[in-house]
Asker: 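The structure that follows is given in the form of structure tokens.
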Amino acid sequence: MNGQEVAFLILAVIGGLAGLLVVTSRNVVHAALYLVVALASVAGVYLLLAAPFVAFVQVIIYVGAIVVLILFGIMLTRAPVGRRVLDNTLRARVGAFVVGAGVFIMFTVFLGGAFGDERIENQGATATEALGESLFRNYVLPFEAVSVLLLAALIGAIVLARRD
Amino acid sequence: MPALKGVGLLKGLGVTLKTMTRPAATRQYPHVKPDLPARSRGVIALIEENCTVCMLCARECPDWCIYIDSHKEQVAPKEGGRARTRNLLDRFAIDFALCMYCGICVEVCPFDALHWSPEFEYAEHQIEKLTHEMDTLRTWAYSVPAPDPLEEGAIEPKEIESARKAREAVAAKAAAAAEQARAAAPPVPAPAAAATQPAAATTTGAAAGTATTTPTAAAPTPVAGDAAPAASAGAAGAGTTTAAARPADVEVEPGIDQATYDRLLAAGESDRTARAKAKAAYMRRAKAEARAAQAAGATEPAPAPAAPAEAAAPTQVPAGEGAPAAEPASVETPAAATAAPETAPPAPSAVGTPEGAEPAADARDPDARSPEGDPTASGTAAEVVAPGAAAAQADAEHLEIEVDQETYDRLIEAGEPERTARAKAKAAYARKLRAAQRDGGGAGS
Amino acid sequence: MIDAARDLLDNYWVLMPVKVLAVLAIFLTFPLVVGYMEHKVMAHMQARLGPMEAGRFHGVLQLVADGIKFVQKESIIPKAADKWVFALAPAVALIPAILVFGFIPYGPDLVPIRSDVGLFVTLALSSVSVIGVLMAAWSSANKYSLMGGIRAAAQLIAYELPLVLAAAAVAMQAGSADLAVIVERQGWWGYIVGPLVIGFFVYGTAALAELTRPPFDMPVADSELVFGHLTEYTGLRFAFFLLTEYAGIVSQSAIAATLFLGGWKGPFLDGPWWLAAKVLALSFVVIWARSTYPRLREDQLQSFAWLRLVPVSLALLLVVGFLKVYEVGI
């Protein structure tokens, strides 16, 4: 087991635990903070895979923006200040379990089906330039499709938020 | 013209940058003393000699922060009549932890015993220490500036007036006595008569050298006594000195002195100030002229009577020693503390009362009798302290204030600033002297 | 001798501690210098003198004295507060602020941690600091803190966008996200000559807002919110937040100087001193803005970000991209 694998194990354990705590935590804000840890350990994994650009974009977008938005949303709505907890009802728990289990099974099946036992060799460092080229040459159509999807979501949000 | 958007933002930056290059407006207080106006309301000071224990201040105080203790004392009657009682101040303290500096006590005090003093450095670490007793309150009074002189031609304050009348009566009496004496006695050179009136007017050493050997031509003490109020007049609230010095009241049309006005404007004074000052200048001149005209019309007012001679009282003080009495026997007032010379030797000063009683007698002038401590009235009384004959001065509460050298040296050694040391030493001296007098007075009466 | 030192420094295990110590030294000196500068500059701009006693000469040791005072103070955690989050928040805010200093190119070969996405690293780290602010705001169990937290979140979300877009315009112009390369591709006058001067203003404004410095200090608006997320903090934890703020000024000034002002390059004698001078000059501007402008209102702040800065930075990106594609030299 080389250093990289040790680091991966540590990151995986931290990320997995944090992920578990995100869904079991009875305090929404704690859940959001555990999410920061989980996302950061994912960024760490990206770094191990020699993809620093993806890693730091992960931090900027997820930690710097998404989690902040989640926290903002929590504070703006229910805001259980301090130690007070906000527990879910049984129905919500069952629903969450079903959704979580479904996603887990789906990813397991899909990833297992796609890669199986195939061993993927560790590649050299991904230059940011190479990443850009593949994104804007080879995968430009999916990229644009995602952009359109996000734009649609944005417009949808505005429509929903408008009063008149 | 609508300014370009954003120009205001740049202007704002310019303002702050400009301010930064200029010297700061603040003062480094503990290192640099603040430049306060003379009448700053820093603390309330007490001139305890003026206090009659009327309790008005304590009663008016919204915070009840003034504590006064006193006792009553019988005063022997003068010529018959019943004995009088009067209050003597034992304790006067202000708790500055409670005081809210409203100044009502200063306002209500009828005898000018309380004053605003510019002293402000009396912070303490313990709240009890903020209760200041009268010795401290007294030392603060030394920095109270003298009141402004009264306006020219203002009505004479009552107490000054009564003192003046008493003095004139005495002087007349003395003059008559002197006349008598001259008629009776061989012509001995008695220059005393000549010198006195100017003294009354100028408040300086009055009865210069009354080197007379006649027993009747006694020391010029009443005049010397007159000098005292004059010296203290500024502080005591009376701007005038004697009747002769007080100009007659004349009425003139108001106008403006153009030359003064132009000069002041050129000097950069504001128009309002310049006009006011020019008007004042004009009024001064016009009144002087009017007075001169009046004087020319009337007969010259006769010079005040000659050196008073006490017919009945052959004083034991050698006449030669009478002269020092003319030293301004400064009444202890703020002005006296700040302005009056402190050099007056307390030693050989002639004792003089209008009655001219024996040296052991009460030094007070019954005519100008006043409650103890009333600054102006008592100041006019001939209360000259003669420590040489201290026992005689049982009641004289107005003292030559000197510095108690021992206290002064001790305080300087203890590291007190020179000013504090001097003030405290003065207070110590005054206390000692007064105590001595009281004792002496008690023994005498 | 020099060769021996060089050989020694080639050893990773020698070099790394040296780098760490150097970064820590920078982290512990510059923010204090800027803090002292803030005291003095602001005082003089307000016709005052500022600290004059500590350290005998014009209060030079004022911040040291402040630090000693903070250490002595009781560290209070409110009863209703979420203890762990409350205690961790200063660290979450402070550590990214320290790490940023590791990625800044101080000189031609003086980059403690070189990364070809250095620009994104610094931006990512400065956005992590926000989490610390939000943790502090929420865990204090204080409505003023919470309001401050909400404002901080809204403000940081709004201003992150123009900040990143302006930085992206620079990366596009330089053709790299490596801060060292970005500096090397600038002349000593930086990108201040050309269309990127607009980017400089956009970046500067957005960075000021990111730092929640006046006039963008609504999250800690003392007249409305006591002290925002810092209301309940005392002693050393409060000091850490203050240190984070000053470190943020220094690091943002350093990044702005690197991106737009030519970093360590100067008209003569290139070196770290030029970066230091530029950082101090930009910090001065930050303080200058603080003592000049009144605080914005919350809605003004939001509309300024979304209606002014974002469109301007998008347009800038467009212009820079156009010039780059058609190879019109800037």
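Each chain gets a letter, A, B and so on, in the order its sequence line appears, and its residues count up from 1.
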Asker: Counting only heavy atoms closer than 4.5 Å, note whether A:L69 contacts chain C via side chain, backbone, both or neither.
Answerer: both

Asker: When you look at CZ of C:F240, are more than 12 heavy atoms from neighbouring residues, nucleotides or ligands closer to it than 6.0 Å?
Answerer: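 Count not over threshold, so no.
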
Asker: Can you tell me if CZ on C:F241 sees more than 12 non-hydrogen neighbours from other groups inside 6.0 Å?
Answerer: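 Check passes, neighbour count above 12.
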
Asker: From C:L119 CG over to A:F56 CZ, what is the distance, rounded to the nearest 0.5 angstrom?
Answerer: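 C:L119 atom CG to A:F56 atom CZ measures 11.5 Å (nearest 0.5 Å).
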
Asker: Need one label for C:M135: side chain, backbone, both or neither, based on atoms under 4.5 Å from any heavy atom in chain A.
Answerer: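 Just the side chain, heavy atoms under 4.5 Å.
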
Asker: Determine, step by step, whether A:L33 and C:L134 satisfy the side-chain contact (heavy atoms from CB on, under 4.5 Å) criterion, reporting the C-alpha distance in whole Å, the side-chain angles of both residues, the deciding distance to 0.1 Å, and the verdict.
Answerer: CA-CA 10 Å; A:L33 294 176; C:L134 292 182; over 6 Å; no

Asker: Shortest non-hydrogen contact from A:V59 to C:A124?
Answerer: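 For A:V59 and C:A124, the tightest heavy-atom pair comes out as CG1-CB, 3.7 Å.
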
Asker: Would you mind telling me which of C:I157, C:V121, C:V130 has the largest number of heavy-atom pairs within less than 4.5 Å of chain A?
Answerer: C:V121

Asker: Tell me, for C:A152 versus chain A, whether the close heavy atoms (under 4.5 Å) come from the side chain, the backbone, both or neither.
Answerer: neither

Asker: Is the CZ atom of C:F86 crowded by more than 12 outside heavy atoms at less than 6.0 Å?
Answerer: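 Count over threshold, so yes.
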
Asker: So for A:V68, is it side chain, backbone, both, or neither that comes closer than 4.5 Å to the heavy atoms of chain C?
Answerer: both

Asker: Any chance you could measure C:I150, atom CD1, to A:I74, atom CD1, to the nearest 0.5 Å?
Answerer: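 So the CD1 of C:I150 and the CD1 of A:I74 are separated by 11.5 Å.
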
Asker: Between CD of A:Q58 and CZ of C:F120, what distance do you get to the nearest 0.5 Å?
Answerer: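 Rounded to the nearest 0.5 Å, the CD-CZ separation comes out at 14.5 Å.
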
Asker: Is it the case that more than 12 heavy atoms not belonging to A:Y46 sit under 6.0 Å from its OH atom?
Answerer: no

